[in-house]
Peer 1: 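One structure coming up, written as structure tokens, with questions to follow.
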There are 2 protein chains.
Amino acid sequence: MVTLKDISKETGVSLTQVSRALGGFSDVNEQTRERVREAAQRLGYRPNSIAKGLKTGQTGFVAMVIPSDIDASGREIMFDMVVGISQAISRHGLKFLLHVVDSNADVTGAFDELYYGGGIDGFILTELEEPDPRVSYLKERKIPFVVHGQDAVAEHFFVDLDNFRVGEALAGRLLDAGHRRILFLNGNDHRIYSSTRTAGARRALTDRGIAPETIHVSYGPMTRARGREAAVEWLRSDEPPTAIIAGNMMLARGVYDAAAELGLSIPSDLSLVAHDDVLIQYPAEGFDPSLCVTRSSLSEAWSSLATLMSRAIAPESPEIEHVLMRPELVEGASVAEPSGSASAR
Amino acid sequence: MVTLKDISKETGVSLTQVSRALGGFSDVNEQTRERVREAAQRLGYRPNSIAKGLKTGQTGFVAMVIPSDIDASGREIMFDMVVGISQAISRHGLKFLLHVVDSNADVTGAFDELYYGGGIDGFILTELEEPDPRVSYLKERKIPFVVHGQDAVAEHFFVDLDNFRVGEALAGRLLDAGHRRILFLNGNDHRIYSSTRTAGARRALTDRGIAPETIHVSYGPMTRARGREAAVEWLRSDEPPTAIIAGNMMLARGVYDAAAELGLSIPSDLSLVAHDDVLIQYPAEGFDPSLCVTRSSLSEAWSSLATLMSRAIAPESPEIEHVLMRPELVEGASVAEPSGSASAR
DNA sequence: ATTTAAAACCGAAACGTTTCGGATAAGGTA
DNA sequence: TACCTTATCCGAAACGTTTCGGTTTTAAAT
């Protein structure tokens, strides 16, 4: 292993100056710095992050703690999430640690273990619930953390999609097309984003002076199977919806399945809008007719997350920051006027 | 942060002895050890693994490097794998680092980066190909690693399912039931386990003196969709198989789908056997009629993997070890004699 | 009383880095 | 000449742990 000492011997420059040269300090002669750089390169020096970590208290390790018993709906996108986060973290020069604990109850214990004993600088929290015990735990101990999936204003670092706008835009698009019986297939009801999206949809209604019961919100897992089942159930009811809002692309898939099953064609018999997280596994291109969506790439969110994280773990506890990703409305061929109403009401 | 020094001051025992007491050395009085333990407990001492790592060169970090562009069939089980491995690693007192790189080409660079600069003790390799450049790279540099998915005898640590037995047992089961037209839905053909399973099936044939073409092997991704499609295609052919071997539970699902689609009933029209990795997402219980499988829990494999890893990263480079998990044959109601042959030939 | 062996203990160095508090030399100013 | 700046350099301490090479204490053996 090549160390600073080796470079010092090689160049005749003192250990201190070698460190400072490589560290980019101003009180080192540019000529010296170049000699040091050259030697470092030639000898194949790699800074030992463990030693650095011991001295500075910063190792560059960032961890995510998840229980092994995640529910099925979580698993479906969890891998994409983990990969995306890990990649974004690496790009910021940090290292990503995935720590799996047996159950939800062990999560906070793992925080202690990893932070105080394991050289972990900070944590990433996702899929927040309300209230979430992890947040208060970390806050009390002043352990740095960044949250994804928290769009209510809060006193900690977070990045999230602007879910209010998502609900508002999707509902608004259908209302403006003339729909007055809408089914909103939303996420699980204890998730913050679900209620925020509902609130956005409500705002779309009140802004237009339309009755609240125009949109019926159904909460549940965001899977293809549920999309199909729920859509079939409601489309077969006495007063079937003329349009559906799907919370993500998997639900949208299920709705397409249901439409095919019931012989309904999109958009003439049923309009559909959805939110698109731009997941690799569920591309928007796969839909025929093309789907009208609010779009916001999750991978951009991961990138912001990593940026926030590198700020959050800075030594002098820094200003808390938020990032709210703004969704983009992408038109598609999945929306038409409701069939019954010839543009009249 | 509570350190050994604090405990030393608190108890009046020297720093050295505190370290040795907690480290379980024999040359410390049991009474002293107890006093030290009590103080450590009371003060909330947690050993600093970074400092320990600096001194011993062992940090307890174990990494898995994966490219972000994994193919779809890989993704399906990848999350289960990652979670299982991470959990097993944690249980062995090690820490699991998931490092995602942009492409396959960057993998070896990440090895260097993490091993020489990042305080990573060793690596986990999965989904080996033949030959795999990662293996030779790590071997040349004497960087510790453990492989999952390598059942050919080799000069490095590995754990894997005994895929030869899997192929042999599944094929044998169908042959003994009298089937003589068998379709084997195997994995991708450049994966080692696929060819090993094929070899096992061939052995089952030769042992019984049956012609090689009795079993037709089809290679491809191990997904439900492919299971359905391939099964439909072959069942509709001129000489449809009377039995199918599915490489995993997802393929088996697809075959059930195909049977339902074609109005065939299992086992009277079609027999089916499969291999069951005991994945949470694809439980064996979900099949009706119950499926006859070779079973070997992947989570047990992860546990062995973690054990091997802790040996592999030991300071005095240790004896190379292998673990071959033996599959268990579990009977089910999915196999019967072929309908045409009234037990005669 | 003296020697010996075993048990229990401890100081100091080391791992590779950062950083504090000066030190040195050159050049400019009074 | 003496003094001050500025640029450049460096020794030594520190982070928390392990471990080498001893020393002291105790008890048993002669």
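Chain letters run A, B, ... following the sequence lines, proteins first, then strands; residues in each count from 1.
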Peer 1: With no hydrogens and no angle check, just 3.5 Å: does a side-chain donor-acceptor pair link B/K95 and B/S49?
Peer 2: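 On atom types as modelled, these side chains qualify, holding a pair under 3.5 Å.
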Peer 1: Suppose we call a contact any N or O donor and acceptor under 3.5 Å apart; does that hold for the side chain of B/T32 and the base of C/dA8?
Peer 2: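 Absent.
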Peer 1: If the cut-off is 4.0 Å, is A/S19 near the phosphate of C/dT18, judged by side-chain N/O to OP1 or OP2?
Peer 2: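 Answer is yes, contact under 4.0 Å.
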Peer 1: If I take atom NZ in residue B/K5 and atom P in nucleotide C/dA12, what distance separates them, rounded to the nearest angstrom?
Peer 2: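 Rounded to whole Å, this separation is 14 Å.
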Peer 1: Counting just side-chain N and O atoms, does A/N48 come under 4.0 Å of either OP1 or OP2 of C/dT17?
Peer 2: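 So the side-chain polar atoms of A/N48 never come under 4.0 Å of the phosphate oxygens OP1 or OP2 of C/dT17.
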Peer 1: Within this structure, what is the CD-to-C1' distance between A/Q31 and D/dA7, rounded to whole angstrom?
Peer 2: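 Nearest whole value for this atom pair: 14 Å.
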Peer 1: Hey, are B/Y137 and B/D112 close enough side-chain-wise for a donor-acceptor pair under 3.5 Å?
Peer 2: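 Yes, because at least one side-chain N or O of B/D112 sits under 3.5 Å from a partner of the opposite role on B/Y137.
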Peer 1: Less than 4.0 Å between a side-chain N and a carboxylate O, is that true for A/E319 and A/R311?
Peer 2: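 Between A/E319 and A/R311 there is no salt bridge, as every charged N stays at least 4.0 Å from the carboxylate O atoms.
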Peer 1: With the side chain of B/T16 defined as its heavy atoms from C-beta on, choose the nearest nucleotide among C/dA8, C/dC20, D/dT19.
Peer 2: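 It is D/dT19.
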Peer 1: Measure from the side-chain heavy atoms of B/T3 and tell me the nearest of C/dT17, C/dA8, D/dT17.
Peer 2: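 Selected nucleotide (nearest to the side chain): D/dT17.
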Peer 1: Could you work out which one of C/dA8, D/dG16, D/dC10 sits closest to the side chain of A/S14?
Peer 2: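 Per side-chain heavy atoms of A/S14, the pick is D/dC10.
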Peer 1: Determine: side-chain N/O of A/Y45 to OP1/OP2 of C/dT17, distance under 4.0 Å, yes or no.
Peer 2: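 Answer is yes, contact under 4.0 Å.
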Peer 1: Can you tell me the distance, in whole Å, between the NZ atom of B/K55 and the P atom of D/dA14?
Peer 2: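 B/K55 atom NZ is separated from D/dA14 atom P by 18 Å.
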Peer 1: Do A/D102 and A/S68 meet the criterion of a side-chain donor-acceptor pair at a distance under 3.5 Å?
Peer 2: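 Side chains of A/D102 and A/S68: no pair found under 3.5 Å.
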